[in-house]
Structure formats: C-alpha cells, structure tokens
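Written out below as structure tokens is the structure these notes cover.
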Amino acid sequence: MRGAKNLVWVVIAAAGALAYGVITRLVRPGERINALWLVVAAACTYLCAYRFYSAFLAAKVFALDDRRRTPAVRLADGRDFHATNKWVLFGHHFAAIAGAGPLIGPVLAAQFGYLPGALWILVGAVFAGAVHDFVVLVASVRRNGCSLAEIARAEIGPVAGLAASFAILFIIVVALAGLGLAVVNALAHSPWGTFTIACTIPIALLMGLYLYKIRYGKVVETTAIGVTLLVAAVLLGHEIVGSRLEPYFVLSRGSLVWAMAIYGFTASVLPVWLLLCPRDYLSTYMKIGTILLLAVGIIVLAPELRMPAVTRFAAGQGPVIPGTLFPFMFITIACGAVSGFHSLVGSGTTPKMVSRESECRAIGFGAMLVEGFVSIMALVAASVLVPGDYFAINSTLGADALTGLGFAPERIEELSRLVGTNVAGRPGGAVSLAVGMASVFAALPGMKHLMAYWYNFALMFEALFILTTVDTGTRVARFLVQEMAGKIYRPLGRHGWLPGTLATSFFVVAAWGLLISSGSISTIWPMFGVANQLLAALALAVGTTVLIKMRKVRYAPVTFVPLCFMAVMTLTASYQLVGRFWRLAAAEPDKALTHHFDAVLVLLMAGLAVIILADSAIKWWLLLTGRRPLTTSEVPFEEASKPGGEGPAVLAAGARACAGQE
C-alpha cells in the first residue's frame, strides 16, 4: 500500500515537471501553449507542497501538538473565542484572506506576459505565502490569539511593537477602503449582485442559529441548507432585473457605502459564530465552486493562451502598469502569492477559533494554496483573451494607439455586444476578469447564448469574493485598536466590554468609510500593494524571531529566505514609487498636493518597515550570541481536556496577557 502511494506521488511530481517544461517552452518550444498546462502545474505543485512541505513544517518546525489547549477552548467566551469546526473555520479563513488580490492582481500582472506571473504564483505561494500564513497562525494560537503587533512587541521589543502597530493600522484601513471601493464599483446599479449578496446575510444568521442553537454541531445539515438557499438567491437575483423589485436593489454609490458600513459594524460587534463565520463559510462554497467550474471549463475546452509568455512591457512603460517587471509584477500580484493582510487574519479572528493545533496546517498552509490556485485561474482568464482586447479593456488607449504598440484589438466590439455593455476603457482588472471568465463559461456546450448572464454572474462573484475580506478585516482592525487603546484606558482592551467593542468598531468603520466616500483611495491604491508586501516582510521577521526563540535556528531559513526577498523587492518598489509620485507632482501642478501626500505616506511606511527590520536584526544577533536569554511570550503548555470556559479569572488573565498588561 505504501509503495502504491509513493508511486502516485511520483506520477503527480512527473506530471508537474512536464507541465513546467511546457509552460516555460523547454519542452515543445514551437507549439502554442494550452491553458490546461497551467492548471496541471498548479494542481501538482500545490498537492505536493501540502503533502510534503506542510507536513515537514508541522512536524519538525512547529511541532504541532493536539494535547496543547488552544485559546478557543481555554478562553472560550462565546463571542470572540469560540472553538469552531475545522472546515467551517477553513471556510471563514479562506473567505477572509481571499479578497481582491488573487483575482485582480494576476489579471493586471498579465500585462508582463503569462509566464512571470505564473511562476511567481506557483513558487511564491508555497515558499513565501503559505509559510507566512502558517507561522503567524501558529504563533498567535500559542499566545492567546494575540495580534501580530502584540507578538512583535513581546518577541522583538517595544520599538518594533509600536512601529508595527501604526504600520498595521494604516495598512488595514487603506486595504479595507480599497477593497470596499472595489465592491461599490462592482455593485453600483447592479440589482442582481446587490440582491444576491444581501441575501447572504439572513442566510448566514439562519446557519449560525441552526448550527449552534437549533441543531448543535450538525455541520452537514447546516451546509446543505445554506448552499441550497445560496443557489436559490443566485437564481432569483437574475429574475430581479426588470421586475417591480428592481428599483429597491439599484443602489447608488453613496447608498452602497452606507450599507457596507452598517454591515461591517454589525459583523464586528455580533458574536463571531452568529454572522461572520457562517457567512464566510457560505461564501467559500460559492468562491471555490466557481473557481472549480472555471477549472473544469479550462480542462474541457483546453483554450489557448493568447497572451505572450513575456511581453515588451517587462521593461516598463506598459499601458496597465507603468513600472518594470521587477519589482512591480510582484507588488501587483500581491495576495495571489504572499500577502501581509493574511497575517492580520491569522493573528485576528482565526486563532481565536482553532479547536486543535493540528488544524493550523490545513487552515494556515492549505488555504493559501487554494488562494494560489484561484490566482492561476484568474491569470488564465485574462491570458485567453486576445492581447489587444485585454489592453483595450484595461487601459484608456484607443485602438490606433494599441495597434502602434503591437497589440491591435480584434473582438472588443463583439465582446461588448455579447455581454450587453461597453467593456472598452474599463481599467482595474475586474471587467477583463469577468469577460475572460464569461468567455470560458459561454464556450461550454449549450452556454453560448448565456454570455451576458455569465458576465454579470462573474461581476457579482468578484464582489462577494471581496466583501468577505471587508467584514473580517473590520473585526481584526477592531482587535488591534482595542489592544492599542487598552494601554491608555484599560477597559477598552477587554474584548468582552461592550462599550469598548462598539466604540472601536465605529472608529474603524468610520475610517475606511470616509476614505471610500471621499474617493481619494483611488490615488492611494498603488501604495497598498507596497504596504501589503512590506507587512508580509514584517510578519516573516516576527516569524524568524519566534523560531529562534523556539530553539529552531536550524529551521529559521524557511522564514528568513522569503523575508530577504520580500524586503529587497518591496523597499525597491517603495523607492521607485516615491520617485514616480514626485515626477507626477511636477507634471500635474493641480494635483501636486495629493502626489506629495502619497509620496510621504510611502516614505512613512518604508521607514516603519526599516525600523522593524533593523530592530529584528539586532535582536537576532543578541539572541544568537547569547547576550539575551531565549525567553518567549508563548503560553505554557497545558494538557487538553474537555472543551469549555475556564472561569472569569483565567479569562481575564488571558485577555490581559494579549493586551500586554501582564
């Protein structure tokens, strides 16, 4: 039996190697590349990575032990700390981390050609993204679910902790505003999408009550009910268009901002089991189901990749992204390969719901691999379009200008007619992704006349994909604000104190809601890519410190190597981005103030990152030379027993420890 299993893995590895040979043109270089080879490369890479690399990390590096009690059991309060079914929590975690990045980033990065982005997603998601998510989740679970900023303060020092707190708060507010703006743009005047997404809220409430109050622990029954109602909502949403109910779901931009703010506040305040976790779990089925359907379509149709392996824009001056391939391709793909935002979820809501340590492997490492697969599917959807049509959608250049660049549009008018709206000159990635997905779906047998249906479905899917990050991100930001405010006024640091929860939730929602309403976030969005990757580097620095203090120096390269790459790449991008903003300020005097402000913000972020990295390097030197003891903030090992709360004394002690008050 063992020999048969080994043979299966040899076959998978061989298939993956062949796929890499084909997509890099080392094998059969004269043939056009079939999109199926990218799917095979991704599937084989991620299967092998999970089976072998994640097992190595779980057993040797982190030494996961189910006998150790998790904060979800030890500090159970029924609101934030709540032991959750492994697959329900996987759904919540995946829905929370998989926002706009894995969909939009690879689509925009296709400007450089399909090959650079594909290789970074395949390799980066395994050795950078999944490791990053795994180490942060384990570190937080073993520290009472503390945030990344608190872990940095406890393990590296107060300077790094303070810098990390401000850096993280800035990044998360900008990220939520950017993601929220993407949802607003996707749902504005879209009754079908608005109706379907609105329906997911009462469906999630029903699932939460059914699973924890009516039929406790019946995950299969709850899933069947939720998925059935979700499918019904999708189908009914199509019927809303043109009906008497349509005016109620045609919301303006301002109305959508208010609706999102109310939802974000509510999801942040209510118990996690009642709304946020069931809704994210439900959304995950639609996310993964749609991506699997796209993968099936690619396997059945085997479409040709029309985008060149590497385009002329790798050297810069592209119509979508003006920068060069290095470093801006990595910054653009962002969450598709590695994302600092994931560290906020992995040290926010998720560690407070993990029932057993062994589940961190599937949730931390596995969810990132699934996100990598989503990124590959998005890249394929963009790369099967005619390059001229791709650039016509994602830039404002006319047909003559694109023809002069060597990418003449061919089917842009036909595509506009098929989807029922003009798709030319719609930059941002969302529209081209929807067109690419709709093209694949509509090419399936009997689906050609449903092109417009699939296009609108894809736009709604993107909005649903992103919105699940907004609700979890708001809650994570609330945790961070409570930790910071708790040092000024101690009751604010208690998660169970309702006035503090309401006040900090309102502060976070008001911050990102104001940015969306002002519309200035569109000028800040390029900085989010840099800030997000800088945060990933900081999280890997914290992870390296944790491994050193665990006396696992021999395994520290698993975090230190990707840390070095991320630091060099993102600081280079910061330098180039600041120069770009200064040049724009000189070229556009009427917007000089905005561009100067953007440049200062990038410098601030890069400066905070340098402070944290320098402080970390000093701490490593002191630890490795024996000048500082290998003390850690990790909670002492406690044998697992029956789940349940531990009483107010232990709960209060855990809350104080996480807030840095002990």
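The side-chain heavy atoms of I97 and S339, taken from C-beta on, include no pair separated by under 4.5 Å. Between I298 and L294 there is a side-chain heavy-atom pair separated by less than 4.5 Å. In this structure, the side chains of V131 and M368 stay at 4.5 Å or more apart for every pair of heavy atoms. Within the 4.5 Å cutoff, the side chain of H132 has no heavy atoms near those of the P562 side chain. Between L415 and S439 the shortest side-chain heavy-atom distance falls below 4.5 Å.
Here the closest heavy-atom approach between residue F94 and residue A367 is recorded as CD1-O, 3.8 Å. Shortest non-hydrogen contact noted between D133 and H342 is OD2-ND1, 2.9 Å. Minimum heavy-atom separation, V107 to A378: CG2-O, 3.7 Å. Shortest non-hydrogen contact noted between A599 and V578 is O-CG2, 3.9 Å. Minimum heavy-atom separation, A609 to L534: CB-CD2, 3.8 Å. Considering every non-hydrogen atom in both M307 and P387, the closest pair reads CA-CG, 4.0 Å.
Remark: I618 CD1 to L613 CG distance equals 11.5 Å, nearest 0.5 Å. Taken to the nearest 0.5 Å, the CG atom of L608 stands 11.5 Å off from the CG atom of L535. Taken from CG in L176 to OG1 in T474, the straight-line distance is 5.0 Å, to the nearest 0.5 Å. A distance of 10.5 Å separates CG in L379 from CG in L433, rounded to the nearest 0.5 Å. Here the straight-line distance linking atom CG of L26 with atom CG of L18 works out to 11.0 Å at 0.5 Å rounding. For the atom pair CD (E371) and NE2 (H93), the distance works out to 8.5 Å, reported to the nearest 0.5 Å.
With hydrogens and angles disregarded, no donor-acceptor distance shorter than 3.5 Å links the side chain of S147 to the backbone of S347. Counting only distance, with no hydrogens or angles, the side chain of Q111 and the backbone of I321 share a donor-acceptor pair below 3.5 Å.
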Check against side chain to side chain contact (heavy atoms under 4.5 Å, CB included), V136 and V542:
CA-CA 8 Å; V136 170; V542 172; over 6 Å; no
Full working for side chain to side chain contact (heavy atoms under 4.5 Å, CB included) between V602 and Y575:
CA-CA 9 Å; V602 174; Y575 172 78; over 6 Å; no
Would you sort out whether F330 and T572 count as a side chain to side chain contact (heavy atoms under 4.5 Å, CB included), showing the intermediate values?
CA-CA 11 Å; F330 303 92; T572 301; over 6 Å; no
Given side chain to side chain contact (heavy atoms under 4.5 Å, CB included), test L540 with M566 step by step and report yes or no.
CA-CA 9 Å; L540 288 168; M566 297 299 297; 4.1 Å; yes
Atom pairs and distances, side-chain donor-acceptor, residues 36-47, under 3.5 Å, sequence neighbours left out:
unit_1 : atom_1 : unit_2 : atom_2 : d
T45    : OG1    : Y20    : OH     : 2.8
T45    : OG1    : A41    : O      : 2.7
Y46    : OH     : I121   : O      : 2.9

Solution key, residues 159-175 side-chain donor-acceptor pairs under 3.5 Å, sequence neighbours excluded:
unit_1 : atom_1 : unit_2 : atom_2 : d
S165   : OG     : G161   : O      : 2.9

Atom pairs and distances, donor-acceptor, side-chain atoms in residues 112-119, under 3.5 Å, two or more places apart:
unit_1 : atom_1 : unit_2 : atom_2 : d
Y114   : OH     : I23    : O      : 3.0

Counting only pairs under 3.5 Å, give me each side-chain donor-acceptor contact of residues 331-338, with atom names and distances, residues two or more places apart or in other chains.
unit_1 : atom_1 : unit_2 : atom_2 : d
T332   : OG1    : F328   : O      : 2.6

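Within the structure, the side-chain hydrogen bond (donor to acceptor under 3.5 Å, both in side chains) test picks out the following pairs touching residues 304-326 (sequence neighbours left out): R32-E304. Evaluation of the side-chain hydrogen bond (donor to acceptor under 3.5 Å, both in side chains) test over residues 373-402, restricted to residues two or more places apart or in two chains, returns N394-S432.
Using bins of under 30°, 30° to 60° and over 60° for the plane-to-plane angle, the ring pair F407/F391 lands in the tilted bin. Taking the six-membered ring where the residue is Trp, Y50 and F365 present tilted rings, their angle falling between 30° and 60°. By the 30° and 60° cut-offs, the orientation of the rings of W582 relative to H596 is tilted. Ring orientation note: the planes of F441 and W454 are tilted relative to one another, at an angle of 30° to 60°.
Between F127 and the choices F560, Y53, W120, the ring-ring contact (aromatic ring centres under 6.0 Å, His included) rule is met once, by Y53.
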